[in-house]
Amino acid sequence: MGNDLDVVVIGAGFAGLYTIHRLRGLGFAVHGLEAADGVGGTWYWNRYPGARCDSESYYYCYAFSRELEQEWDWSERYPGQAEILSYLEHVADRFDLRRSISFSTTVVSAAHDGDRWVIDTEGGERWTCRWLVTAVGCLSSANVPDIPGLDGFAGEWHHTGQWPHEGVDVTGRRVGVVGTGSTGIQAIPVLAASAGHLTVFQRTANFSIPARNAPLSAEEAAGYKADYAAIREVQQASTNGHPFVVSDVDTLALPDDERRALFERAWERGGLRFRAAVRDVLADPEVNETASDFIRSKIHETVDDPAVAAVLTPHDHPFATKRPPIDTDYFETYNRANVSLVDVRADPIAQITPGGVRLASGAEHPLDVLVFATGFDALSGPLLRLGLRGRDGLALTEAWSEGAATYLGLGVAGFPNLFTITGPGSPSVLTNMPTSIEQHVDWIADLLGHLRAHDLDAEPTPEAQARWADHVREAADATLLPQAASSWYLGANVPGKPRVFLPYAGGFARYREMCDAEAQAGYPGFALRARRRAA
Ligand code: FAD
Ligand code: NAP
C-alpha cells in the first residue's frame with residue numbers, strides 16, 4: 001500500500017478503530033497512525049486507580065455489529081479500565097484492524113498541499129492521503145498545571161491521563177491529589193485505601209452521585225443482549241445517547257416529601273440516570289436547585305465532620321453544569337483517619353517544594369507522590385496539537401485563535417478534505433460517546449463515498465460554519481450549562497484558552513437529524529469542488 005493512501009486516520013481509540021473498519025469495508029485504502037503502542041485511546045492512557053466508565057457497560061460499546069454485541073460479556077455495571085481496554089483489543093483483533101495501524105507514531109504536522117494531505121510524524125515518517133480523518137479524542141491532551149517548583153519535586157508525580165503501565169505503589173506513602181473532577185473522585189477512594197496518608201487539594205467542590213456499581217448477573221446480561229434492538233432505538237432518539245428517557249415529572253409541582261422520595265429512589269438506583277429523574281434539570285434554575293439541594297443534603301448526611309462537609313458542598317455552579325461525576329464511596333472517604341481535605345480556593349497552591357506542596361498561607365503538606373487529576377485541554381486541544389495547515393498554509397492555531405469553530409463539529413472552513421470525529425461543536429462529551437462516534441463515522445463514510453463517486457473535494461463554507469457557531473451558542477444559552485464559569489466545556493480550565501462553549505448542547509437526536517438533512521440535501525454547507533490535482 002505504501003505511504004500514499006485514500007484516507008489517513010489519526011488515533012486508534014473507539015473512533016479510529018471503527019473508522020478504519022468502516023472505510024476499509026467500503027474499499028478505501030486507509031491507514032491509522034497512533035501515538036500509543038496499542039489500541040484503546042482513553043482506555044490505553046487512563047490507568048489510574050479506580051478508572052472506569054460511567055456510561056453503563058451494555059451501552060458503552062459499539063452498536064455496529066450484532067455479532068459483537070452478542071459475543072462480548074461485560075462483568076460489571078460499569079467496567080473498569082482494563083476490561084474496556086480488553087474489549088477494544090478484542091475489536092481490533094476480531095475485525096483484523098491492527099494491520100492497518102502504525103503504533104508508536106505521533107503526528108506532528110499535517111499540511112494540505114492543494115491536492116493531498118502531507119502528514120509528518122515524530123519519527124520522521126511521511127504519509128500522504130486525499131482525505132484526513134482525525135480520531136484524536138476530546139479528552140486526550142493532559143492538562144498539567146504550571147505550578148512553580150514542579151521540576152524540583154523530590155517525590156514522583158503523575159497525571160492520571162498518562163498513568164504508568166506498571167502502576168504506582170502508594171502503600172504507606174504520603175499521597176496528594178490535585179483535582180476533584182470525575183477522575184479525582186474515582187481515584188481518591190482507591191488511593192486512600194492503601195496510602196499512608198492522602199491529602200486532597202480541592203479547588204471546586206463537586207456534585208457526585210453514587211455509581212452503585214455491581215457485577216452484572218447472567219440474567220441482566222442476557223436481558224440486555226435480547227433487548228439490544230430496542231435499547232439502540234432509545235439511544236438514537238435520546239438527548240444524550242444513553243438508553244433512558246428523561247422523566248416528565250415536574251419536581252416543582254410535588255410536595256416536599258414526594259420530591260425527596262423521588263430523589264431518594266434516583267440516588268439509590270445511582271449513576272448518570274439521576275440527571276434524568278425529573279424534567280428540565282438543565283433548563284430551569286428552580287428545578288435544578290431542588291436536585292442540587294438534595295445532593296448537598298446527602299453530602300452533609302454522609303460526611304461526619306460538618307466543617308469538612310461544608311468545604312465539600314458545591315455552591316458555585318448548578319448541578320450537572322459541570323460534567324457530573326459518579327462515585328463509589330467518595331464522600332465516605334473523608335471519614336477516614338488517613339484522609340485530609342485542603343481547600344485550595346481559600347488558600348491556593350503557591351509552590352511545589354522538593355518535599356511537597358506549599359500553600360499561599362505558607363502551610364506545608366509533605367508528600368511522596370503527587371497525582372494531578374487536573375483534566376484535559378478538551379475538544380480543541382488534541383486538534384491544535386496536530387500542527388494542521390489547510391488551504392494556502394492557514395494554520396489551525398490561527399483559524400481558531402479566538403476559539404474553535406467548525407461546521408457540525410465535522411469539518412473546518414479552510415481545511416479541505418479534513419473530517420473531525422466528535423470535533424468541537426458536536427454533541428460529543430455531552431453524550432454517551434460511542435453512540436456519537438458511530439454516528440460521525442457513518443456520516444463521514446457516506447460523504448467520502450459521495451466524494452469518491454463524483455471525484456470531489458469538500459470543505460465547509462465559511463457561511464455554514466458561522467451559522468453553526470451561532471446555533472451552538474444559542475443551544476448552550478438555552479440551558480444552564482454556561483453558568484459553570486470554570487467548566488472545561490468552556491475552555492476555562494486551561495489558562496489563556498478562548499472562552500467558547502465547545503460541545504453542542506442541542507441534543508443528540510436533534511443533531512443527528514440535522515446531519516442527515518445535510519446529507520440528503522447534497523451537502524449544502526460544504527463547498528464541493530471538482531478535484532484539484534497538483535501540477
Ligand atoms: P480517544 O480514546 O481519546 O483516542 C484518541 C487517540 O488518538 C489516542 O489513543 C491518542 O493517543 C491518539 N492521538 C491523539 N493525538 C495524536 C497524534 N498527534 N498522533 C497520533 N495519535 C494521536 N465517555 C463516555 O461516553 N462514557 C464514559 O463513561 C466515559 N468515561 C471516560 C473516562 C475517562 C477516564 C476519560 C478520560 C474519558 C471518558 N469518556 C467517557 C470519554 C472517552 O474519551 C470516550 O468515551 C472515548 O473513549 C473517546 O474515544 P476516541 O477514539 O474518540 O478518543
Ligand atoms: P476535570 O473535570 O477537568 O477536573 C479537573 C479537576 O482539577 C477540577 O477539580 C479542577 O478544579 C482541578 N484543577 C485543575 N487545575 C487545577 C489547579 N491548578 N489547582 C487546583 N485544582 C485544579 O478533569 P477530569 O476529572 O479528568 O475529568 C474530565 C472528563 O473526563 C470528565 O468530565 C468526564 O467527561 C471524563 N471522565 C469520565 C470518567 C467516568 O467516570 N467515566 C472518569 C474520568 C473522566 P476546578 O473545577 O476548579 O477547575
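We count residues from 1, following the sequence as given. This structure is a prediction, so every number in the text was calculated from the model and none was measured. Atoms within a ligand are numbered from 1 in the order they appear, just like the ligands themselves.
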Contact partition for [X] relative to ligand 2, non-hydrogen atoms under 4.0 Å:
X	value
Phe376	side chain
Tyr489	neither
Leu139	side chain

Tell me which protein heavy atom sits closest to [atom], plus the residue, atom name and distance to 0.1 Å.
atom	value
atom 23 (O) of ligand 2	Gly375 CA, 3.1 Å
atom 25 (O) of ligand 2	Thr183 N, 2.9 Å
atom 47 (O) of ligand 2	Thr204 OG1, 2.4 Å
atom 33 (C) of ligand 2	Arg323 CG, 3.7 Å
atom 19 (N) of ligand 2	Arg203 NH1, 3.7 Å
atom 29 (C) of ligand 2	Trp488 CZ2, 3.7 Å

Heavy atoms of other groups near [X] [atom1], more than 12 under 6.0 Å:
X	atom1	value
Arg94	CZ	yes
Asp96	CG	yes
Glu364	CD	yes
Glu398	CD	no

Checklist entry - Considering the options Phe14, Trp74, Tyr87, which one meets the ring-ring contact (aromatic ring centres under 6.0 Å, His included) requirement together with Tyr60? => result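 When Phe14, Trp74, Tyr87 are each tested with Tyr60, the ring-ring contact (aromatic ring centres under 6.0 Å, His included) holds only for Phe14.
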Taking only residues two or more places apart in sequence, or in another chain, which ones meet [X] in a ring-ring contact (aromatic ring centres under 6.0 Å, His included)?
X	value
His165	Tyr44
Phe415	none
His21	Phe64, Phe95

Can you name the atoms of ligand 2, numbered from 1 with element, that are less than 4.0 Å from a heavy atom of [X]?
X	answer
Tyr48	42 (C), 43 (C)
Gly179	6 (C), 7 (O), 9 (O), 12 (C)
Cys53	41 (N)
Gln186	39 (C), 40 (O), 42 (C)
Thr180	6 (C), 8 (C), 9 (O)
Lys322	45 (P), 46 (O)
Pro145	18 (N)
Ala373	5 (C), 6 (C), 7 (O)

Checklist entry - When rounded to the nearest 0.5 angstrom, what is the spacing between CD1 in Ile352 and CG in Leu150? => result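 The CD1 atom of Ile352 sits 5.0 Å away from the CG atom of Leu150.
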Got [X] and [Y] here, is their nearest side-chain heavy-atom distance under 4.5 Å?
X	Y	result
Met433	Cys138	yes
Ile84	Tyr78	no
Gln186	Gln81	no

I'd like to know whether ligand 2 has [X] as a neighbour, heavy-atom separation below 4.0 Å.
X	result
Val178	yes
Arg52	yes
Phe201	no

Next on the checklist: Just by distance, no angles: are the side chains of His440 and Thr422 close enough, under 3.5 Å, to form a donor-acceptor pair?
Outcome noted: no
Contact table, ligand 1 N/O with protein N/O, distance under 3.5 Å:
from, atom 1, to, atom 2, distance (Å)
ligand 1, 2 (O), Thr42, N, 2.7
ligand 1, 2 (O), Thr42, OG1, 3.2
ligand 1, 3 (O), Thr42, OG1, 3.4
ligand 1, 9 (O), Glu34, OE1, 2.8
ligand 1, 9 (O), Glu34, OE2, 3.0
ligand 1, 11 (O), Glu34, OE2, 2.6
ligand 1, 11 (O), Trp45, NE1, 3.1
ligand 1, 18 (N), Val107, O, 3.1
ligand 1, 19 (N), Val107, N, 2.9
ligand 1, 21 (N), Ala35, N, 3.1
ligand 1, 25 (O), Met433, N, 2.7
ligand 1, 26 (N), Ser55, OG, 2.8
ligand 1, 28 (O), Asp54, N, 2.6
ligand 1, 28 (O), Asp54, OD1, 2.8
ligand 1, 28 (O), Ser55, N, 3.0
ligand 1, 43 (O), Thr42, OG1, 2.7
ligand 1, 45 (O), Tyr60, OH, 2.6
ligand 1, 47 (O), Tyr60, OH, 3.2
ligand 1, 51 (O), Phe14, N, 3.1
ligand 1, 51 (O), Ala15, N, 2.8

Does any N or O atom in [X] lie less than 3.5 angstrom from one in ligand 2, N or O only?
X	answer
Asn493	no
Thr160	no
Asp54	yes

Taking the ring centre of each residue, are [X] and [Y] less than 6.0 Å apart?
X	Y	answer
Phe508	Tyr504	no
Trp157	Phe372	yes
Phe274	Phe207	no

Next on the checklist: Between His242 (side chain only) and Phe244 (backbone N and O only), is there a donor and an acceptor less than 3.5 Å apart?
Outcome noted: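 Such a contact is absent between His242 side chain and Phe244 backbone.
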Item to check | Any donor-acceptor N/O pair, Glu83 side chain to Ser75 backbone, under 3.5 Å | outcome: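 Present.
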Checklist entry - For atom 37 (C) of ligand 2, which candidate among Ser182, Gly181, Gly184 provides the closest heavy atom? => result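 Checking each option, the heavy atom nearest atom 37 (C) of ligand 2 is found in Ser182.
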